[in-house]
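These notes concern the structure reproduced below.
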Amino acid sequence: MPTKPLSQLVKHNTSYQERVTLFADILLPVPVPQHYTYRVPYQWNELIQIGQRVIAQFGPKKILTGVVVAVHENPPKAHEAKYLLDILDEQPIINTVQLSLFEWMASYYMCAEGQVLQVALPSGLKLSSQSRIQIHPEYGQEANPYPLDDQESVLLQALIGDGALDYTAVAGILSAKNVHKIIKSLLAKNAIILFEEVKEKYQPKKERRVRLTLSHTSAEALEAQFEQLHKKPKQTEILLKYLQQVPVLKEKDINQQGFSKTKLLSGEISPSSLKTLVKKGVLEEFEVVVSRFQDLDSLTADEHEIVLTAGQCQARDAILEGFERKQTVLFHGITGSGKTEIYIDLINSVLTSGAQVLYLLPEIALTTQIVRRLQKIFGNSMGIYHSRFSDNERVEVWRGILEGKFSFIVGVRSAVFLPFDNLGLIIVDEEHELSYKQFDPAPRYHARDVALVLARLHHSKTLLGSATPSMESYYHARHGKYSMVSLDERYRKVALPEYKLIDTRKEHLKKQMKGIFTTELVTTLEEVLKKNQQAIIFQNRRGYAPYLQCQACAHIPQCPNCAVTLTYHLHYNQLRCHYCGYKQKMTNICSQCESNDLDLVGFGTEKIEEDLKHLFPEARIQRMDLDTTRRKYSYQQIIDQFERGNIDILIGTQMVSKGLDFDKVDLVGVLDIDRAMHFPDFRSHERAFQLITQVGGRAGRRSGKGQVLVQTSNVKHQLLQLICDHNYEQFYQREIQERSKFLYPPFVRLIRLTVKSPDQELGYRASQELAKRLVLGLGKSRVLGPQEPVISKLRNLYLMELYIKLEKSKGTMDMIKLNLSKEMIKLTSNAAFRSVRVIPDVDPY
Ligand code: ADP
Ligand code: ZN
Ligand code: ZN
């Protein structure tokens, strides 16, 4: 194996005396706290920029995609820098504001910047896992490389030719059974490296199209052509259909864009005749890159203009005024007040000024109505960033922003990571929503809070909107940190729905209950159906029954991996765990005592559906929960059907509460709210208030005759009374006093440390140990626990929780986080606790 020619082929092994030697700090998508410094091959000195993606070797055999965060001339002191292997981008795809945001997130949410990067970049911009090999970039630089045998030389030569090969290709070249051994040997000799596929995963969507060849676009040529085709009806038909779709004679240039081949061939059109026309040179086929959002694109712009009402204008002006004083405005507008219309007005004026707008929505609200409304107005300048979209679609949005194609993005929480360079406004709609919080994996961030920081980095503004603001935001607005604007009339002065509490205990005593429904709810439903109106029945629990119980021995089947009961699902005839996905066939025999006297206890949406179908056999009933909306468009389809009046009763989990706007809903029924109210969590009242107000807010949005019936065994409960009275202000006052008295957010910050262990006893001891040390460092009053959480085992790991309460000064916060990190590392580096993990969650929910 001649080493000299090989070494010359390695790009950067040419002389580079008298040139500046550059180094680049690289952020790699791995959970390590620091950046790594690499040497820049000199021929890239002019090319390398902050924010480009690069390929770098990490550890002995790993190749990763990282991002350049700094370029300088300082070699690392501790070790010799490796060369960067490649630069993937000509222009940066991440800007410095984003890098600052990643840095802030890592520090605030106690994780590594690499973990932020990992979540921020769509995977189409990262490595794929397919392993490939290439020549080691430094191979041949050493004076005496290890000698290679024949097979190894063959492979190396092939790699010189092809650059990189995957395993299968290597096997083809060597036609040897021991490919793996050869690769391993070459690895050991430092002749090659293994890496994961770095080729862009992103594939633009292409469409095959057909058009007339240039010589056939004139009227004369076409006429002559039709004459020739006189006896060829099929070909004539194709040509006619094409001209119908693409009126070339009216407008010659229009031929250029052609027409979709698939669409042209739809119906009775023969593909072979099309082929003939292409062969004859009348038509030609070509390929174009099309947007993945085309189906949405093709919606035509809506003509009718929305004119803000006087109240809405006032609110808008107050928001603008608020922005003059504060960076953030909280917009407290009741359900149906037309917040969306005001957002649209604001978005329009920011876009006109040339700045970008980010409109954040909770996960589920994004799949439907609002997006359609926005699409009609903003058309192609609007990008949609949603987790149900494929990765290719996300890459398209990312690139679309870089290229200036999208100046307006509507998206879910991860849209805060997009490469905005000139943000003028961020709107966080339904800012109280739980789905803004990412639970797993790190960074465990809250998109509303990240949005506030992002806006600050851009010197722009944030508008937080909600009918039921979070305690935190309302508190900040009341205390002058944000401006506050309220809108407390519905559009067209439509009345808010009338709430009524129905006493299930009373009906039970009088034996009036019809299964799980009160007579009052059933009677009202009847009336609604009679009037051809619609109803929504809300129950925040899917499946048929939350558990199965043996009447003989009281045994309840549990998930083998988690400390939760298994939910019965009628549709699958299975018992399922909602936490880990475990499932088993439904059983009629108790596994403990073999009795066959088993009872289903409680009810979920499936049971409600069954019972309602029984009570109202004529009604069209649809269920909307996680189980009926797994496919990409199924949620949207159900909403469409309901909107068109093809569904009379919609049963749903909290999915039905998110920003939906219907004309004909006269009744919302809420079942079993007691459980939500009494959940042992300091936010449970806040959540119950938000949930019932939001779901109730779907009623009577046009007619003003909406009713909300809430079944409860607790009619006297003050919280329920406040909900019925639409009295957010008093609810807030009551709740904030509790929070202040017992020191909960917004008065302090919380950090939750979850100790996870495969062994219960070990986890218990580890959490005790951690608590003890934290108390020593932080003082007793700042450390709560350890205690078992409500669900004490998940996916075969036993959990213990500690809460750290801390004052809200930045100095204290940083000091405490430092202390926590130190103690967490200390604990897990203790050999006895090696299998234990501690997971910090800052501002847990
Ligand atoms: P919110 O988000 O505050 O619950 P929406 O923005 O969904 O309320 O508005 C409720 C309904 O009233 C929507 O159907 C909306 O189109 C309509 N609407 C609100 N304001 C106007 C307006 N100025 N002109 C016409 N329709 C309006
Ligand atoms: Zn039993
Ligand atoms: Zn489970």
Side-chain angles (χ1 to χ4, degrees), residues 302 304-316 331-347 359 361-362 365 368-374 376-377 427 429-431 433 463 465-468 485-494 496-497 548-567 575-584 587-599 643 657-665 693-704 706 791-797 799:
D302 197 0
H304 102 265
E305 235 182 277
I306 298 236
V307 182
L308 295 187
T309 63
Q312 289 170 339
C313 279
Q314 245 172 35
R316 182 215 37 212
F331 177 27
H332 180 203
I334 61 171
T335 60
S337 57
K339 291 186 288 297
T340 322
E341 309 303 341
I342 295 175
Y343 299 150
I344 290 170
D345 191 87
L346 292 166
I347 293 166
Y359 181 5
L361 278 164
T368 176
Q369 294 173 312
I370 295 184
V371 169
R372 240 176 299 154
R373 247 154 103 190
L374 295 170
K376 280 184 188 165
I377 296 159
I427 296 169
D429 197 8
E430 315 285 1
E431 64 85 28
E433 260 290 322
L463 181 61
S466 177
T468 51
V485 174
S486 304
L487 181 57
D488 39 27
E489 65 181 30
R490 277 183 152 183
Y491 174 59
R492 292 214 174 111
K493 306 222 160 54
V494 163
L496 275 172
L548 184 69
Q549 185 163 37
C550 170
Q551 296 306 295
C553 76
H555 172 72
I556 296 173
Q558 301 256 332
C559 173
N561 312 318
C562 311
V564 294
T565 61
L566 291 171
T567 301
L575 294 170
R576 292 187 163 199
C577 172
H578 287 178
Y579 291 85
C580 73
Y582 169 86
K583 43 195 155 195
Q584 67 181 53
T587 164
N588 297 317
I589 299 189
C590 174
S591 65
Q592 301 295 304
C593 73
E594 298 190 354
S595 152
N596 60 3
D597 191 6
L598 302 183
D599 263 7
E643 241 180 354
S657 70
K658 313 281 181 223
L660 295 171
D661 185 34
F662 301 115
D663 286 358
K664 284 174 43 181
V665 177
T693 306
Q694 292 289 347
V695 69
R698 304 311 112 203
R701 288 166 75 92
R702 293 291 183 291
S703 64
I791 294 167
S792 61
K793 181 184 163 202
L794 269 182
R795 298 188 157 91
N796 284 316
L797 291 174
L799 311 182

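All values below were derived from every heavy atom in this structure, side-chain atoms included, with hydrogens, water molecules and symmetry-related copies excluded. Read the numbers this way: they start at 1 and go in the same order the structure lists the ligands and their atoms.
The part of Asp661 lying near ligand 1 is the side chain, judged by heavy-atom distances below 4.0 Å. Of all the heavy atoms of Arg702, the ones lying under 4.0 Å from any atom of ligand 1 belong exclusively to the side chain. Here Arg701 has side-chain heavy atoms under 4.0 Å from ligand 1, and that is the only part of it that gets that close. Of the heavy atoms in Arg490, none comes closer than 4.0 Å to ligand 1.
Residue-ligand proximity: Arg492 is placed with every non-hydrogen atom at 4.0 Å or more from ligand 1. At a 4.0 Å cut-off, at least one heavy atom of Ser337 sits close enough to ligand 1 to count as contact.
Between atom CZ of residue Phe331 and atom CG of residue Asp429 there is a gap of 9.5 Å, rounded to the nearest 0.5 Å. Between the CD atom of Gln694 and the CG atom of Leu660 there is a distance of 10.5 Å, given to the nearest 0.5 Å. Interatomic distance, CD1 of Ile427 versus CG of Leu361, reported as 9.0 Å (0.5 Å rounding). Distance CG/Leu463 to CD1/Ile347: 9.5 Å, rounded to 0.5 Å. With values rounded to the nearest 0.5 angstrom, Leu799 atom CG is found 9.0 Å from Ile791 atom CD1.
Gln551 pairs in a side chain to side chain contact (heavy atoms under 4.5 Å, CB included) with only one of the listed residues (Leu598, Asp597, Asn596), which is Asp597.
Residue Thr335 has at least one heavy-atom neighbour below 4.0 Å for each of these atoms of ligand 1: 4 (O). In the vicinity of Thr340, heavy-atom distances shorter than 4.0 Å reach the ligand 1 atoms 2 (O), 5 (P), 6 (O), 7 (O). Atoms of ligand 1 lying under 4.0 Å from at least one heavy atom of Ile334, given by number and element, are 3 (O). Proximity to Val307 (heavy-atom distance under 4.0 Å) selects the following atoms of ligand 1: 22 (C), 23 (N), 24 (N).
In this structure the side chain of Gln312 reaches within 4.5 angstrom of the side chain of Tyr491, judged on heavy atoms. Proximity of Cys553 to Glu594: side-chain heavy atoms (C-beta onward) are nowhere separated by under 4.5 Å. Residues Lys339 and Ile344 form no side-chain contact, since every pair of their non-hydrogen atoms from C-beta on lies 4.5 Å or further apart.
Listed by chain and number, the residues in a side-chain contact (heavy atoms from CB on, under 4.5 Å) with Gln558 are Thr565 (sequence neighbours excluded). With sequence neighbours excluded, the residues that form a side-chain contact (heavy atoms from CB on, under 4.5 Å) with Tyr582 are Cys559, Pro560, Asn561, Leu566, Cys577, Cys580, Gln584.
Using a cutoff of 4.0 Å between basic side-chain nitrogens and carboxylate oxygens, Arg701 and Asp663 are not scored as salt-bridged. Salt bridge Glu341/Arg316: absent, no basic N to carboxylate O contact under 4.0 Å.
Comparing heavy-atom distances from atom 15 (C) of ligand 1 across Glu341, Lys339, Gln312 singles out Glu341 as nearest. Taking each of Ala467, Gly697, Gly338 in turn, the one with a heavy atom nearest to atom 5 (P) of ligand 1 proves to be Gly338.
No N or O atom of Arg698 sits closer than 3.5 Å to an N or O atom of ligand 1.
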Can you check side-chain contact (heavy atoms from CB on, under 4.5 Å) on Leu487 and His332, steps first, answer last? CA-CA 6 Å; Leu487 181 57; His332 180 203; over 6 Å; no
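Under 2.8 Å from the Zn ion (ligand 3), one finds the following protein N/O/S atoms: Cys559 SG, Cys562 SG, Cys577 SG, Cys580 SG.
Between the side chain of Gln314 and the backbone N or O of Gly311, no donor-acceptor pair lies under 3.5 Å. A donor-acceptor pair is defined here as one N or O able to donate and one able to accept, closer than 3.5 Å; such a pair exists between the side chain of Gln549 and the backbone of Ala554.
For the Zn ion (ligand 2), the tally of protein N/O/S atoms lying closer than 2.8 Å stands at 4.
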